[in-house]
Amino acid sequence: MSGTESIDSTWWLSAEEGGVLAGRWWKWALSAPDSVSPVRDATGEHAAWNQPDDLWFLAGTYGGRVERRCAIPSDRPVFFPVLNMQHTREHSKVPLTLAVAQATASLNGVPLTLQEFSAPFRTGFTRRYAWGIWGGITPLSPGEYVLEIKGESRGGFWVDTTYHLEAKRP
């Protein structure tokens, strides 16, 4: 496996920066048609769908186990959820959360530090809240990486996602 020189790849974000990115991630995820949704994608085929120019989003799942393969640009940081949720402000005036039993992520076997972010965001005229346990990775050197993401709520919801990433020069 190449890319092992990236021992500490955690991308540190302030609460404000992370909240903004969580809202951007949800706008990205919610805007995808079902036929090309990176969240519904079981293989990584749609990972590049409508990616922003300044970073790379990796999709979460609707629960369960998934293994994806995709290429990412080596010049952008990566932002991804371990456990997350969103809701309209009509549903609740305050951000709702999950009771987290487990949340981990590792890159090539090296644990990554995760951060909890919550923030308001909008889709069109709809006001929403985003919450989640998120991970961020600094731009990776060209090479192959394995990102393992595992999360479980106390209510029984769980995710087990493996990304086989190939960081390529743009």
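Throughout, numbering of the chain's residues begins at 1 and tracks the sequence.
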Looking only at non-hydrogen atoms, find the nearest pair between [X] and [Y] and report the distance.
X: Ala59; Y: Pro38; value: CB-O, 3.2 Å
X: Arg68; Y: Thr161; value: NH1-CG2, 4.4 Å
X: Pro142; Y: Arg169; value: CG-NH1, 2.9 Å
X: Leu114; Y: Ala105; value: CD2-CB, 3.8 Å
X: Arg76; Y: Pro73; value: NE-CG, 3.5 Å

Running the 4.5 Å side-chain criterion over Ile, Leu, Val, Met, Phe, Trp and Tyr, what cluster does Phe79 land in, apart from itself?
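Taking Ile, Leu, Val, Met, Phe, Trp and Tyr as members, Phe79 shares its hydrophobic cluster with Trp11, Leu13, Leu21, Trp25, Trp26, Trp28, Leu30, Val36, Val39, Trp49, Leu55, Phe57, Tyr62, Phe117, Phe121, Trp134.
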
How would you list all residue pairs meeting salt bridge (charged side-chain N to carboxylate O under 4.0 Å, His left out) that involve residues 112-128, not counting sequence neighbours?
none

Can you list every salt bridge (charged side-chain N to carboxylate O under 4.0 Å, His left out) pair that touches residues 23-49, not counting sequence neighbours?
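Output for this query lists Arg24-Asp54, Asp34-Arg40.
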
My understanding is that only one of Leu58, Leu140, Asn108 makes a side-chain contact (heavy atoms from CB on, under 4.5 Å) with Leu147; could you say which?
Leu58

Are any of the side-chain heavy atoms of [X] and [Y] separated by less than 4.5 Å?
X: Ser118; Y: Thr97; value: no
X: Val146; Y: Thr162; value: yes
X: Leu83; Y: Phe157; value: yes
X: Val82; Y: Thr104; value: no
X: Ser14; Y: Glu16; value: yes
X: Leu112; Y: Phe80; value: yes
X: Pro170; Y: Ser74; value: yes
X: His164; Y: Glu67; value: yes

Does Ile72 belong to the same Ile/Leu/Val/Met/Phe/Trp/Tyr cluster as Tyr145, with side-chain heavy atoms less than 4.5 Å apart forming each link?
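Yes.
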
Taking a hydrophobic cluster as the set of Ile, Leu, Val, Met, Phe, Trp and Tyr residues connected by side-chain heavy atoms closer than 4.5 Å, whether directly or through intermediates, do Leu98 and Trp158 fall within one such cluster?
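No, Leu98 does not connect to Trp158 through the hydrophobic network.
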
Distance in Å, Tyr129 OH paired with Leu96 CG, rounded so as to fall on 0.5 Å steps:
9.5 Å

Does the pair Ile133 and Asn84 meet the rule for a side chain to side chain contact (heavy atoms under 4.5 Å, CB included), with working shown?
CA-CA 6 Å; Ile133 305 296; Asn84 68 340; over 6 Å; no

Looking at Lys150 and Glu152, is any side-chain nitrogen of the basic one under 4.0 Å from a carboxylate oxygen of the acidic one?
no

